[in-house]
Amino acid sequence: MTCATRSPEKRAAFATKYGCRQAESYEAVLKDPEVDGVLLTTPHTLHADQVVAAAEAGKHVFRRETLHAHRG
């Protein structure tokens, strides 16, 4: 398991608590050949681009909600 966040302090604390490897960025996680899938816990406004990036990297994507388009 690998974790990533923009805050090095939060990343280190999470990695220590859950026993996972640290990655400096989401992009680094996607480049990691040992990672099969990602769990998105970022703000939902970022998910569409993150899902596309993960799919392009050949990763499975897990989210709490479904993706949907908002139309105004």
Side-chain angles (χ1 to χ4, degrees):
M1 181 169 55
T2 302
C3 63
T5 186
R6 293 175 300 201
S7 166
E9 296 81 16
K10 287 182 181 181
R11 183 173 57 240
F14 187 92
T16 298
K17 183 174 182 177
Y18 295 103
C20 60
R21 296 180 295 128
Q22 298 181 52
E24 291 187 11
S25 67
Y26 180 66
E27 294 76 18
V29 171
L30 297 181
K31 290 178 183 176
D32 187 337
E34 293 187 33
V35 173
D36 294 322
V38 295
L39 172 62
L40 299 179
T41 60
T42 53
H44 73 280
T45 56
L46 302 175
H47 288 187
D49 290 338
Q50 291 174 332
V51 167
V52 169
E56 288 175 345
K59 309 297 184 188
H60 300 280
V61 181
F62 301 91
R63 299 182 64 244
R64 204 172 88 150
E65 300 121 8
T66 59
L67 273 178
H68 56 277
H70 291 282
R71 296 180 187 212

Worksheet item: Are T2 and E34 close enough that some pair of their side-chain heavy atoms sits under 4.5 Å apart?
Response: no
Discussion item. If the condition is side-chain contact (heavy atoms from CB on, under 4.5 Å), which residues does Q22 pass it with, not counting sequence neighbours?
Written reply: C3, R11, A12, A15
Worksheet item: What residues, two or more places apart in sequence or in another chain, satisfy side-chain contact (heavy atoms from CB on, under 4.5 Å) together with V61?
Response: V38, L40, V51, A54, R63
Fill in: For the student: nearest non-hydrogen atoms of K59 and V29, plus distance
CE-O, 4.1 Å
Discussion item. Just so I know, are the side chains of V35 and R21 near enough to count as touching, which here means a heavy-atom distance under 4.5 Å?
Written reply: yes
Practice prompt. Please identify each residue that fulfils side-chain hydrogen bond (donor to acceptor under 3.5 Å, both in side chains) with T42, with sequence neighbours left out.
Written response: H47, Q50
Discussion item. Rounded at 0.5 Å granularity, tell me how far CG in D49 sits from OH in Y26.
Written reply: 10.0 Å
